[in-house]
Protein chains: 2
Amino acid sequence: MKSSTAPSPLRGTQPHCQTCSLNALCLPLSLNDNDMERLDDIIRRGRPIQKGQLLFQQGEPFQSVFAVRTGALKTYTLASNGEEQITGFHLASELVGLAGYNNDFYPLSAKALETTTVCEIPLTQLDELADELPDLRKQLMRTMGTEIRHDQNMMLLLSKKNAEERVASFLMDISTRYARRGFSATHFRLPMSRVDISNHLGLAVETISRVFTRFQKNGLIETQGKEIILQDIDTLNQLAGLVSDDDCGHSDSK
Amino acid sequence: MKSSTAPSPLRGTQPHCQTCSLNALCLPLSLNDNDMERLDDIIRRGRPIQKGQLLFQQGEPFQSVFAVRTGALKTYTLASNGEEQITGFHLASELVGLAGYNNDFYPLSAKALETTTVCEIPLTQLDELADELPDLRKQLMRTMGTEIRHDQNMMLLLSKKNAEERVASFLMDISTRYARRGFSATHFRLPMSRVDISNHLGLAVETISRVFTRFQKNGLIETQGKEIILQDIDTLNQLAGLVSDDDCGHSDSK
DNA sequence: CGGCTTGTTGATAGTGATCAAATTCGGTGG
DNA sequence: CCACCGAATTTGATCACTATCAACAAGCCG
């Protein structure tokens, strides 16, 4: 049995899944103590990644999956003409890289939006463990299923929503994810730049800026640089036409 | 060992994975004979679905995953305002429904584009089998990974490409998938309507129609209703800015 | 053959992109 | 602590792509 002899959160201290405050949200979710320890054994914790640094790059050999411990990442794909599309932002406890499963090479790149620490999970070992721990297998597939639903919601957003609806959807998405982590759902800091937001939402930067100011004039939000306060969640939700990520529109409709 | 006593393709004949011409593309891929038989045992083959019929509907209890045997399906999600976004078309051998994994309810609907037969795989049994057959588990995860990459390519298309590029991408995607099934890559029949295409690509029907005629004038394609001939694949590919679904942009770029 | 759905073509308009410029922010060094 | 520089953001003016509206043609099926 491992003992955590160093309770101080100093750099160099190796944390473990068992004591990680995120284990109820992260991959260990639903694993029993024994299984969690086996997962913990294959995880590598490296030094922090600085803002702007790449965690992995499209085309590199696909070797590991990552879980964000602190900080935030963006993942993006490159079109052959060089244009990039940000496919997602990843906050603490979220898994990055599973999109590449079945590929010898990463099909996307991941870059740190701020100083970020991650747990690295080597693919070969994760793969072996997935065959031995049914709960882990299920959790991996659940994570992939969630990713698919998220991406399909993004397709809907990109193909059917106008600029205001996109921004509202985006804000509510981030809000929900912060709330799930125990942070305020109405007052938070956006870790990404306006350019990143515009890229992700398929809009021009200028449009993001204009919608933000319009929302502010209408009393929906309050912004101060990257700090943001959601003042009228109901209207934002309505604008977003949002269906929360988990109920997937299951309702009495029709 | 099962024997196929009825070689005639009459209705009512129950085919099996072992003898299915699609087993090299479908879920049984990479399973050995023994494993394939166990998978085959849990599969149900029902009567054909007629054009326009629903295979399952968003919000219904999530009970089964399906593999298309013949025909074609579209899957789509509904926004809360009722607008629908077609997230994908599914041809023979392709799996439908995995996007809902981890959900108690289907997060999307599936409708037949033409008379279609499917293999139904009950989720609980598939789930059990996935824990017993490592190859099946890997294949399921590969399928989900492919779906994620496909959806992320769609995000790029919807957010960065103009009308002509979208249509070219679409045509090349369909072409590639037919070719993989042994059909012509240049001469095929689109199973979906123009409206479906426009919805999927985030364009108006009229725009689809106009791009088709423009392509025809420029000698890129030849159309006759749903029949289509690709006459200049190189230019189409270039327009698509396409990166084939499997190499995911791995190249010497940069 | 007639009614209805699907697809095509034309004219116009609107949303958001693009170009240009001003302003603020963030970090750095004096 | 403040001045300064480059980057990020905001604001304004104009343009373009594609949506929308309208009408027509062509399949499709009873």
Intermediate values then yes/no, side-chain contact (heavy atoms from CB on, under 4.5 Å), B/Asp196 and B/Phe89: CA-CA 9 Å; B/Asp196 285 338; B/Phe89 299 109; 4.0 Å; yes
Intermediate values then yes/no, side-chain contact (heavy atoms from CB on, under 4.5 Å), A/Arg45 and A/Thr117: CA-CA 8 Å; A/Arg45 279 98 179 169; A/Thr117 56; over 6 Å; no
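Going from atom CZ of B/Phe215 over to atom C1' of C/dT8 covers 17 Å, rounded to whole Å. When the P atom of D/dT20 is taken as reference, atom NZ of A/Lys160 falls 10 Å away, rounded to whole Å. The NZ-P distance, from B/Lys161 to D/dC17, rounds to 18 Å in whole Å. Remark: C1' of D/dT18 and CD of B/Glu165 are 14 Å apart, rounded to the nearest angstrom. Distance CD (B/Glu114) to P (D/dC28): 14 Å, rounded to an integer number of Å. Between the NZ atom of A/Lys51 and the C1' atom of C/dC25 there is a distance of 11 Å, given to the nearest Å. For the pair A/Asp196 CG and D/dA8 C1', the computed distance is 11 Å after rounding to whole Å. A straight line from CD of B/Glu227 to P of C/dT6 spans 18 Å, rounded to a whole angstrom.
In summary, of the residues considered (B/Ile49, B/Leu55, B/Leu54), a side chain to side chain contact (heavy atoms under 4.5 Å, CB included) with B/Lys111 occurs for B/Leu54 alone.
Close to C/dC25, at under 4.0 Å from its OP1 or OP2, lies a side-chain N or O of A/Gln224.
Residue-level contact check: A/Ser193 touches the backbone only, with heavy atoms under 4.0 Å from sugar-phosphate atoms and none from bases. Heavy atoms of A/Gln216 sit nowhere under 4.0 angstrom from any nucleic acid atom. Within the nucleic acid shown, A/Ile208 has no heavy atom closer than 4.0 Å to any nucleic acid atom. Nucleic acid contact class of A/Thr207 (heavy atoms, under 4.0 Å, all strands): sugar-phosphate only. At a threshold of 4.0 angstrom between heavy atoms, the contacts of A/Ala204 include nucleobase atoms, whether or not backbone atoms are also involved.
Side chain B/Arg210 to base C/dG7: no donor-acceptor pair is found below 3.5 Å. A donor N or O paired with an acceptor N or O is not found under 3.5 Å between the base of C/dG16 and the side-chain atoms of A/Arg166. No donor-acceptor contact under 3.5 Å links the side chain of B/Arg214 to the base of C/dT9. At a cut-off of 3.5 angstrom, the base of D/dC17 holds no donor-acceptor pair with the side chain of B/Glu164.
Residue-to-nucleotide proximity on DNA chain C shows that, of B/Lys226 and A/Gly202, the 5′-proximal contact is made by B/Lys226. Residue-to-nucleotide proximity on DNA chain C shows that, of B/Arg194 and A/Glu206, the 5′-proximal contact is made by B/Arg194.
The number of heavy atoms from other shown groups lying within 6.0 Å of CZ (B/Phe183) does not exceed 12. With a 6.0 Å radius and a threshold of 12 heavy atoms from other residues, nucleotides or ligands, A/Lys51 has its NZ atom at or below the threshold.
Classification of the A/Phe170-A/His200 ring pair by plane angle, with boundaries at 30° and 60°, yields perpendicular.
Listed candidates were D/dA22, C/dG7, C/dG16. Nearest to the side chain of A/Leu203 is C/dG16.
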